[in-house]
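Dropping a structure here in structure tokens format, bear with me for questions.
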Amino acid sequence: MNRVVYRTEYYAVEENGQKEIIVIDRIPDSAAVVAVHQGCLLLVCQHREAVNEITWELPGGTVKPGEERTLAVKRELEEEAGVQCKDLSYMGSAYPMASLANRNVYFYFTDDLKVSGSRESNQEEDEDVRAVWVPLRDVYRRIKEGGRMDAMVGHGLLLSKLHGFLAID
């Protein structure tokens, strides 16, 4: 058992038996959506301090306490991209960085989309997110070539293929 050096709501600093310091992020669950329309995948671009780059990511975010995951996905889709969806299909969940964080991401698929208006007015105050529609073939090529992209994009696309929602050409 590790000795707790410091703990907050969101992370813990612990010391293991070999006297190594371990930092563990304790992050609430989140939900992400593979949203496809006319052969294009909806991605959001935003600057991430941890990698000091603009990343391409699936729309999604933290599931608030007491919030249903499907409602969280719909809220995030509208906030980040100005898009509404009616039907969502649950595909599974994963720990994207189990060695560093306890965050569990729940993945959904939709191709039932409606643009709801101005994306900027729906964003939270601290967000600077840009939504882009990228042809799936370009996303696949970027992943294959090792392009910088959030790993959850690849996992979401794999789940979409395994559930029969997408073909990977």
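Because the structure is a prediction, the values reported are computed rather than measured.
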**Prompt:** Hey, are the side chains of K64 and R75 touching, using non-hydrogen atoms and a 4.5 Å cut-off?
**Reply:**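 K64 reaches R75 side chain to side chain.
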request  = Indicate yes or no: at least one non-hydrogen side-chain atom of V33 is less than 4.5 angstrom from one of L88.
outcome  =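 Yes, close enough: below the 4.5 Å cut-off.
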_Please report the interatomic distance OG(S89) to CG(D111), rounded to the nearest 0.5 Å._
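Nearest 0.5 Å value for the OG-CG distance: 8.0 Å.
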For the atom pair CD (E80) and CG (L43), what is the distance rounded to the nearest 0.5 Å?
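Interatomic distance, E80 CD to L43 CG, rounded to 0.5 Å: 11.0 Å.
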Is any side-chain heavy atom of P28 less than 4.5 Å from a side-chain heavy atom of V63?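 With C-beta onward as the side chain, the pair stays apart.
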Do side-chain atoms of E53 reach the backbone of R48 as a donor and acceptor pair under 3.5 angstrom?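 No.
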Quick one: does Q46's side chain get under 4.5 Å of E57's, heavy atoms only?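 In short, these two side chains touch, coming nearer than 4.5 Å.
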Would you compute the distance between atom CG of L158 and atom CE of M152 and round it to the nearest 0.5 angstrom?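 It is 14.5 Å, given to the nearest 0.5 Å.
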Minimum heavy-atom separation for A12 and R7, please, with both atom names.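 Smallest interatomic distance, heavy atoms only, reads CB-NH1, 4.0 Å.
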| Note, M149 side chain near V139 side chain (heavy atom, < 4.5 Å) |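 Yes - at least one pair of side-chain heavy atoms lies under 4.5 Å apart.
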For S93 and F107, which heavy atoms make the closest approach, and how far apart are they?
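That would be CA-CD1, 4.3 Å.
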Query raised in the report: So, does T110 use its side chain to make a donor-acceptor pair with the main chain of D87 at under 3.5 Å?
Result: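 It does hold such a pair.
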message: Please find the pair of heavy atoms, one from S30 and one from R103, that lie closest to each other, and give the distance.
response: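 Distance-wise, the nearest heavy atoms are OG-CD, 3.4 Å.
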_Return the OH to OH distance between Y6 and Y11, rounded to the nearest 0.5 Å._
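Answer rounded to 0.5 Å: 5.0 Å.
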Flag yes if more than 12 heavy atoms outside H37 fall under 6.0 Å of its NE2 atom; otherwise flag no.
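12 or below, so no.
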Q. Does the pair W56 and V134 meet the rule for a side-chain contact (heavy atoms from CB on, under 4.5 Å), with working shown?
A. CA-CA 10 Å; W56 288 16; V134 182; 4.0 Å; yes
Self-check item: W133 versus A35, closest heavy-atom pair with distance
Solution: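 Closest approach of W133 to A35: CZ3-O, 3.8 Å.
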I want to check something: taking the side chain as every heavy atom from C-beta on, are L58 and V34 in contact at a cut-off of under 4.5 Å?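 Result yes, sub-4.5 Å side-chain heavy-atom pair found.
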* To do: Identify the heavy atoms of N16 and E20 that sit nearest to each other, and give their distance.
  =>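 Smallest heavy-atom distance, with atoms named: ND2-OE1, 2.8 Å.
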inquiry  = Any heavy-atom pair between the side chains of L41 and L157 that's under 4.5 Å?
reply    =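 Yes. Closest side-chain heavy atoms under 4.5 Å.
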Which residues share a side chain to side chain contact (heavy atoms under 4.5 Å, CB included) with L71, sequence neighbours left out:
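Applying side chain to side chain contact (heavy atoms under 4.5 Å, CB included) to L71 gives E67, E68.
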Using side-chain heavy atoms (C-beta onward) and a distance below 4.5 Å, is P96 in contact with H155?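 In short, these two side chains do not touch, never coming nearer than 4.5 Å.
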- Going only through I, L, V, M, F, W and Y residues with side-chain contacts under 4.5 Å, is there a path from V132 to L136?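 In one cluster: yes.
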Nearest-0.5 Å distance, CG of residue N102 to CD1 of residue I24: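 Output value for this atom pair is 8.5 Å.
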Query raised in the report: Side-chain donor-acceptor pair under 3.5 Å between N104 and Y106, yes or no?
Result: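 A pair is found: one side chain offers a donor N or O, the other an acceptor, under 3.5 Å apart.
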- [ ] Verify side-chain contact (heavy atoms from CB on, under 4.5 Å) between H47 and N52, making sure each step is shown before the conclusion.
- [x] CA-CA 7 Å; H47 183 266; N52 195 29; 3.0 Å; yes
**Prompt:** Which residues satisfy the ring pair (Phe, Tyr, Trp, His ring centres under 6.0 Å) test with Y95, sequence neighbours excluded?
**Reply:**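 Ring pair (Phe, Tyr, Trp, His ring centres under 6.0 Å) list for Y95, sorted by chain: empty.
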Parallel, tilted or perpendicular: which fits the ring planes of F165 and F109, with parallel below 30° and perpendicular above 60°?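 The arrangement is parallel - the two ring planes meet at less than 30°.
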Mark yes or no for whether H163, through its side chain, and M91, through its backbone, hold a donor-acceptor pair below 3.5 Å.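 The answer is yes, because a donor-acceptor pair under 3.5 Å joins these two groups.
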What distance do K74 atom NZ and Y108 atom OH have between them, rounded to the nearest 0.5 Å?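 Output value for this atom pair is 10.5 Å.
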To check you understand the geometry: which heavy-atom pair defines the closest contact between G154 and I143, and what is its length?
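In terms of heavy atoms, the two residues are closest at CA-CD1, 4.0 Å.
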